[in-house]
Amino acid sequence: MSPDRKAAVVIAALALAVSACASDKATGGAAPATATGGDGVKTGAGVTETTITLSLLTDLTGPYASLGKSVTQAQQMYFEQLNAAGGICGRTIETVVRDHGYDVQKAMAAYAEVAPRTAAIPQFIGSPMVTALKEKITADKILTLPNAWATSLLGSDAIQVTGTTYDVDMINAVDFLTKEKGLKSGDKIGHLYFEGDYGESALNGSKFASEKVGLELVEQKIKATDQDMTAQATAFKKAGVNAILVSVGPRQAASLVGVALASGLDVPFVGSNSAYSPLLLDTPAAPALLKDYYVATAGAPISAPLPVYEKLIKDYEAKFPGEPLDSGVASGYTQAVIIGDTLKAACAAKDLSREGIIKAHRTQTAWDGGFGGTPQDFSVYDKPASLSTYIVKPDKAAIGGSVIFKEHTISDLAKEYQVPPPA
């Protein structure tokens, strides 16, 4: 069985029991008008005298099912812990889970169902899904944290892209390859990327950095449904690339790296943060991934020696024994904490309306939460909250399957880069 087929089997096997957690409380209807409760707190859609309803719009059965499961479980655990500590403003957090299977039409239908009774959305997997709903989310004023980092998602006060965007990570990745992997002016660099917002955003970064450094960029665009990367690896080898950037899903990344190495194309690879899963280390692609594959990401891996991660690992293992501790657990938990901190700030301002929640979120100019990296500036929404990228390397012995290879840095190229204006 080829590496990509084996990886597909492993990842598909995770499609899921999490959907059984989905609540049916949100069934549509007009959003309630804002009001002031007996405690003096202004409320609105998704907020009652006793509850705050949050919606998790995820992928539990599609190409990012393993990510969706990890993100959802980590977030549900955080909100359960928050409730055990007294909730927010004396209110209990309730979560509604909807699986869109990484299908835009299903995501739009799920959003239409839950939006009228939702105060905020701590998870929305997929650039295509959030992009399709960007105008609606903005008009509805629902604070939404995408699990996606395309620049097309910038420009809305209701949508918070956390950390870097894909283009910034690829710029910092090229800087890493030139400074630490011997890439130099005149060399060729390949870039495998998905069609659509994710891939195009990453490509903007590789184009900018390649031009600045003097590299020849060799592009290979694929669809999210493509699985076998033999043709793409062959094209990169024929072109004589000296390194390859990877902005696809974990299955395609595993196929590319495995096929390339088997064919004699022994070069360093750097993937976007969505192009790796530790589950791949249990497939035939593992040796290739462990050899010279890296991931550019704004978030520290869960193996990083941070007190917040040490507690997260202990709590997650106790609640979900045997479940993988991957980047989805870390990123999902981080986003849940961001929403939790925002709701606490909104409570302190006595305004839990949708407008009040967004206002409270946008007052945070240096959010850290103890998760490492540079503080994130949430006061602006037309550029990334951070320009700082970690270089992470797969490691089978590490918790979460990866370790920090290079600490978070902002390259001079990233400082110079002008993020394309939002559409």
Side-chain angles (χ1 to χ4, degrees), residues 6-24 54-81 93-103 106-107 110 114 121-130 144-149 162 198 224 248-254 272-283 295 297 299 301-303 309 312-337 339 394 398-402:
K6 178 65 178 294
V9 171
V10 172
I11 295 174
L14 293 172
L16 288 198
V18 175
S19 57
C21 299
S23 165
D24 290 319
L54 307 175
S55 291
L56 315 181
L57 300 176
T58 190
D59 176 12
L60 301 178
T61 52
Y64 291 102
S66 61
L67 172 69
K69 180 179 182 179
S70 296
V71 171
T72 300
Q73 290 185 162
Q75 292 190 337
Q76 289 178 323
M77 182 183 76
Y78 170 77
F79 291 122
E80 288 175 5
Q81 292 174 339
I93 302 295
E94 294 186 348
T95 57
V96 175
V97 179
R98 292 293 180 266
D99 170 28
H100 56 58
Y102 210 76
D103 180 280
K106 291 180 180 177
V114 303
I121 301 175
Q123 173 194 171
F124 203 147
I125 285 182
S127 293
M129 295 77 206
V130 183
T144 298
L145 273 56
N147 295 81
W149 295 268
T162 57
Y198 164 23
V248 292
R251 301 174 189 175
Q252 294 86 356
S272 297
N273 62 6
S274 300
Y276 174 68
S277 167
L279 297 172
L280 298 176
L281 298 183
D282 292 324
T283 76
V295 180
T297 176
I302 200 168
S303 62
Y309 278 168
L312 171 58
I313 291 168
K314 180 179 178 181
D315 292 347
Y316 196 84
E317 287 182 334
K319 187 168 180 62
F320 304 107
E323 295 286 353
L325 279 155
D326 55 20
S327 61
V329 175
S331 65
Y333 192 83
T334 302
Q335 291 184 202
V337 174
I339 290 293
I399 293 175
S402 64

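Throughout, residue positions are numbered sequentially from 1 according to the sequence presented.
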As a quick check of understanding, evaluate side chain to side chain contact (heavy atoms under 4.5 Å, CB included) for D59 and L67, giving each step before the final call. CA-CA 8 Å; D59 176 12; L67 172 69; over 6 Å; no
Between Q76 and V97, does a side chain to side chain contact (heavy atoms under 4.5 Å, CB included) hold up when you go through it step by step? CA-CA 10 Å; Q76 289 178 323; V97 179; 3.3 Å; yes
Step by step, would you call M129 with L57 a side chain to side chain contact (heavy atoms under 4.5 Å, CB included)? CA-CA 10 Å; M129 295 77 206; L57 300 176; over 6 Å; no
Report the C-alpha separation of E323 and K69 in whole Å, then their side-chain angles, then the decisive distance to 0.1 Å, and conclude whether the side chain to side chain contact (heavy atoms under 4.5 Å, CB included) test is met. CA-CA 10 Å; E323 295 286 353; K69 180 179 182 179; 3.0 Å; yes
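Contact check for R98 versus V114: side-chain heavy atoms found under the 4.5 Å cut-off. At least one side-chain heavy atom of V71 sits under 4.5 Å from a side-chain heavy atom of S331. Proximity of K319 to Q73: side-chain heavy atoms (C-beta onward) are nowhere separated by under 4.5 Å. Under the 4.5 Å side-chain criterion, counting only non-hydrogen atoms from C-beta, Q75 is not in contact with I339. In this structure the side chain of W149 never reaches within 4.5 angstrom of the side chain of S272, judged on heavy atoms. Using a 4.5 Å heavy-atom threshold, the side chains of T58 and H100 count as separate.
Scanning all heavy atoms of the two residues, the minimum distance from S66 to L279 falls at CB-CD1, 3.7 Å. Summarising the geometry of Q252 relative to A224, their closest heavy-atom pair is NE2-O, 3.1 Å, with the distance given to 0.1 Å. The two residues I302 and I313 make their nearest non-hydrogen contact at O-CD1, 3.6 Å. Here the closest non-hydrogen pair linking P301 and S402 is CB-OG, 3.5 Å. When all heavy atoms are compared, the tightest approach of A148 to G126 is CB-C, 3.9 Å. Residues P394 and Y276 approach most closely at CB-OH, 3.5 Å, considering heavy atoms.
Side-chain atoms of D326 do not come within 3.5 Å of backbone N or O of P278 as any donor-acceptor pair. Using a distance-only test at 3.5 Å, with no hydrogens or angles considered, a donor-acceptor pair links the side chain of N147 to the main chain of F124. Within the 3.5 Å criterion, the main-chain N or O of V248 finds a donor-acceptor partner in the side chain of Y198.
Between the side chains of T72 and Q123, at least one donor-acceptor pair of N or O atoms lies under 3.5 Å. Side-chain atoms of T61 and D99 form a donor-acceptor pair, as typed in the model, at a separation below 3.5 Å.
Taken from OH in Y78 to CD1 in I93, the straight-line distance is 8.5 Å, to the nearest 0.5 Å. Atom CG of L56 sits about 11.0 Å away from atom CG of L145, to the nearest 0.5 Å. The CD1 atom of I399 sits 13.5 Å away from atom OH of Y316, with the distance rounded to the nearest 0.5 Å.
Ring geometry, Y64 versus Y102: the interplanar angle falls from 30° to 60°, so the pair is classed tilted.
The one candidate from P250, P324, S70, S327 that meets the side-chain contact (heavy atoms from CB on, under 4.5 Å) condition with S277 is P250.
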